[in-house]
Amino acid sequence: MGRRILNDALRTIVNAEKRGKATADLQPISGVVSAFLRIMKTRGYIKDFQVHDPHRVGRITVQLLGRVNDCKALTYRQDLKARDIETYKTRALPTRQWGYVVITTPNGVLDHEEAMRQNVGGQVVGYFH
């Protein structure tokens with residue numbers, strides 16, 4: 001169920017970007033969705049996001065920049081070792097210059113660059129570019 005929530009949220013962001021909207025409302029939410037959005041914000045793909053009423057169903061309002069071409073969540077769990085991150089990145093992303101693979105690790109939810117820097121593996125949550 002958690003992967004479906006993330007996939008629906010990311011599809012909402014991509015559809016809002018394609019329509020040229022400035023904001024997107026995501027509902028329902030989870031901790032993984034907010035962690036994924038935090039990574040997108042630090043990498044400059046979204047401007048900001050606000051979480052409204054996180055203790056119930058909740059809602060997140062995302063301010064878009066127009067930089068997201070595609071982002072997807074993997075609905076199956078794929079384990080990834082630290083030494084295999086580079087090969088997975090080249091297979092999943094369209095180019096080497098831009099895009100990030102998001103991995104949930106024992107150190108938290110990280111993008112592929114931070115996971116390689118910390119030399120940790122985990123499960124692939126999704127990717128964006």
Side-chain angles (χ1 to χ4, degrees):
M1 184 173 161
R3 307 262 178 176
R4 176 69 188 216
I5 291 172
L6 179 63
N7 195 29
D8 291 345
L10 296 180
R11 292 284 88 197
T12 302
I13 290 173
V14 169
N15 290 337
E17 288 274 6
K18 286 182 180 177
R19 291 176 184 261
K21 295 194 175 189
T23 62
D25 287 331
L26 312 177
Q27 187 179 17
I29 62 171
S30 68
V32 176
V33 173
S34 59
F36 200 98
L37 292 175
R38 181 182 43 82
I39 292 173
M40 289 179 77
K41 180 183 174 186
T42 58
R43 295 302 180 177
Y45 280 80
I46 60 173
K47 186 175 182 180
D48 197 13
F49 67 96
Q50 280 187 320
V51 180
H52 305 284
D53 196 17
H55 300 296
R56 292 184 164 262
V57 174
R59 179 173 57 94
I60 295 179
T61 304
V62 181
Q63 297 175 358
L64 305 172
L65 289 174
R67 286 196 60 200
V68 177
N69 293 327
D70 193 18
C71 52
K72 292 186 180 174
L74 300 181
T75 54
Y76 55 91
R77 295 174 186 238
Q78 183 163 358
D79 293 330
L80 194 61
K81 295 181 181 176
R83 66 177 180 264
D84 300 332
I85 292 175
E86 185 67 32
T87 58
Y88 185 84
K89 178 189 74 108
T90 56
R91 199 169 18 119
L93 298 176
T95 65
R96 290 180 176 261
Q97 283 85 15
W98 38 273
Y100 295 93
V101 176
V102 180
I103 305 167
T104 178
T105 66
N107 297 350
V109 180
L110 306 172
D111 59 31
H112 71 272
E113 289 181 355
E114 189 65 30
M116 288 189 323
R117 195 174 301 123
Q118 294 181 11
N119 197 25
V120 293
Q123 292 183 341
V124 178
V125 175
Y127 60 89
F128 61 94
H129 56 87

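The figures that follow rest on heavy atoms only: side chains count, while hydrogens, waters and symmetry mates do not.
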Q: Would you check if the side chain of Q123 reaches a backbone N or O of D79 as a donor-acceptor pair within less than 3.5 Å?
A: no
Q.
Within the structure provided, determine whether R11 and V14 are in side-chain contact (heavy-atom separation under 4.5 Å).
A. yes
(Q) Tell me whether the rings of Y100 and Y45 are parallel (<30°), tilted (30 to 60°) or perpendicular (>60°). (A) perpendicular
Q: Scan I39, I103, L6 and name whichever one has a side chain to side chain contact (heavy atoms under 4.5 Å, CB included) with V125.
A: L6
(Q) Using a 3.5 Å distance criterion without hydrogens, assess whether the side chain of D84 forms a donor-acceptor pair with backbone atoms of L80. (A) no
Q | Smallest separation among heavy atoms of A16 and L64, with atom names | A | CB-CD1, 3.7 Å
Q: Identify, with sequence neighbours excluded, every residue that meets side chain to side chain donor-acceptor pair (under 3.5 Å) alongside E86.
A: none
Q | Verdict with supporting geometry, D70 and H129, side chain to side chain contact (heavy atoms under 4.5 Å, CB included) | A | CA-CA 6 Å; D70 193 18; H129 56 87; 3.7 Å; yes
**Q.** Closest non-hydrogen atom pair between L93 and F128, with its separation
**A.** CD2-O, 4.2 Å
Q) Mind checking whether D48 and K41 have side chains closer than 4.5 Å, heavy atoms only? A) yes
Q: Keeping to residues at least two apart or across chains, list the side-chain hydrogen bond (donor to acceptor under 3.5 Å, both in side chains) pairs with something in residues 60-69.
A: D25-T61, H52-T61, R59-T61
Q: Give the C-alpha distance, both sets of side-chain angles, the deciding distance and a yes or no for side chain to side chain contact (heavy atoms under 4.5 Å, CB included) between Y88 and Q78.
A: CA-CA 11 Å; Y88 185 84; Q78 183 163 358; 3.6 Å; yes
Q: List, by chain and number, the other hydrophobic cluster members for L110, where Ile, Leu, Val, Met, Phe, Trp and Tyr join if side-chain heavy atoms come within less than 4.5 Å, directly or indirectly.
A: V120
